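What follows is a set of notes on a single structure, which appears directly below.
Source: prediction; values computed, not measured.
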Amino acid sequence: MASSPSQVPVGVDPSRPSIARIYDGFLGGKDHYEVDRMVMRKINEAVPEAVDIARGNRGFLNRACRFLAGQTTVAQYLDCGSGLPTAENTHQIVQRANPEAMVVYVDNDPVVLAHGRALLEENDFVHMTEADIFEPSEVLGNEVVRRHLDFSEPLVLLHVGTLHHYEGDGAADIMRAYIDALPSGSYVVFSHFFDPEVPELTEVAKRIENILVNGPMGAGRFRTHAEIMAMLDGLELIKPNALSEPGLAVCDEWWPDGPRLAPLSLAARCIVGAVGRKP
């Protein structure tokens, strides 16, 4: 009996858009369908520089991983909502500094799982497992997670570009459950769509949010500074650059690799990141 679209997992049914495939498309990947390209076109028509959000987010992830791998002794990483493999994945970055750093990826998109498992077959220090990242107990109790990560020792939790796809008021509770489970000395790498509450920037954020929330995706919230900070309660946030106090920063401005020669687009200012340590 043929399955109805609502019964087919996202990532397999080419008539339904996938968050992972759309993000991969904005980063230049090829693993997407026409339904994903339709969403991408709508976003580009509304905000032509929207690609800067995806690029800024990915650059932040890369720099944060380099920082933690090079300047801490933490050697285990839990990457939630890892998405489709790209040119620079978490394990490739951290294993340059420590070839035996253990990385566990968690996702529930079947295409992500298939690509990831194929990529990781020959690396004993990288694993991928299926779980709903918006259900902390499911992730934290996952057999693969528990087998390969030692929760009596510090680890790095990555929730990069994930919680803005959670609809509802419980995003802070989700992060609280993860943070509570982390041992002292652990780190969290986090990013989220951002409503700067400045008219010119908020207008850009709301244009994209309207397409994501009211279209076939059904999710993609741009939250305020206060709403995002509530998700990071219990962490000591690291200074995002030499001139700022500890806290959130626009992803492109979190310890950039060099001076900025061109101004950031308005869209690039609508995603923020932070790295925090659990005392």
Check whether any side-chain N or O of [X] sits under 3.5 Å from a backbone N or O of [Y] as a donor-acceptor pair, and report yes or no.
{"X": "Gln92", "Y": "Asn89", "answer": "yes"}
{"X": "Glu200", "Y": "Leu266", "answer": "no"}
{"X": "Gln76", "Y": "Leu149", "answer": "no"}
{"X": "Glu209", "Y": "Phe222", "answer": "yes"}
{"X": "Thr162", "Y": "Gly81", "answer": "no"}
{"X": "Ser191", "Y": "Val272", "answer": "no"}
{"X": "Ser184", "Y": "Pro279", "answer": "yes"}
{"X": "Thr72", "Y": "Leu68", "answer": "yes"}

Using side-chain heavy atoms (C-beta onward) and a distance below 4.5 Å, is [X] in contact with [Y]?
{"X": "Arg277", "Y": "Ile238", "value": "no"}
{"X": "Leu264", "Y": "Glu253", "value": "yes"}
{"X": "Ile174", "Y": "Met231", "value": "no"}
{"X": "Ile53", "Y": "Ile208", "value": "yes"}
{"X": "Tyr178", "Y": "Cys80", "value": "yes"}

Looking just at side-chain N and O atoms, do [X] and [Y] make a donor-acceptor pair shorter than 3.5 Å?
{"X": "Asn241", "Y": "Ser244", "result": "yes"}
{"X": "Glu130", "Y": "Asn142", "result": "no"}
{"X": "Tyr105", "Y": "His91", "result": "yes"}
{"X": "Asp52", "Y": "Ser265", "result": "yes"}
{"X": "His164", "Y": "Arg223", "result": "no"}

For [Y], is there an ion pair with [X] - N to carboxylate O distance below 4.0 angstrom?
{"X": "Glu245", "Y": "Lys239", "answer": "no"}
{"X": "Arg37", "Y": "Glu34", "answer": "yes"}
{"X": "Glu227", "Y": "Arg221", "answer": "no"}
{"X": "Lys42", "Y": "Glu45", "answer": "no"}
{"X": "Lys278", "Y": "Asp180", "answer": "no"}

- Fit a plane to each ring of His127 and His148, take the angle between them on a 0 to 90° scale, and name the class: parallel (under 30°), tilted (30 to 60°) or perpendicular (over 60°). parallel

- Please determine if Arg146 forms a cation-pi arrangement with Phe151, meaning its NZ or CZ atom is less than 6.0 Å from the six-membered ring centre and no more than 45° off the ring axis. yes

- Message: Assess the residue pair Ile179 and Leu235 against the criterion (side-chain contact (heavy atoms from CB on, under 4.5 Å)); give the C-alpha distance rounded to whole Å, side-chain angles, the decisive distance to 0.1 Å, and a yes or no.
- Response: CA-CA 8 Å; Ile179 293 169; Leu235 298 175; 3.9 Å; yes

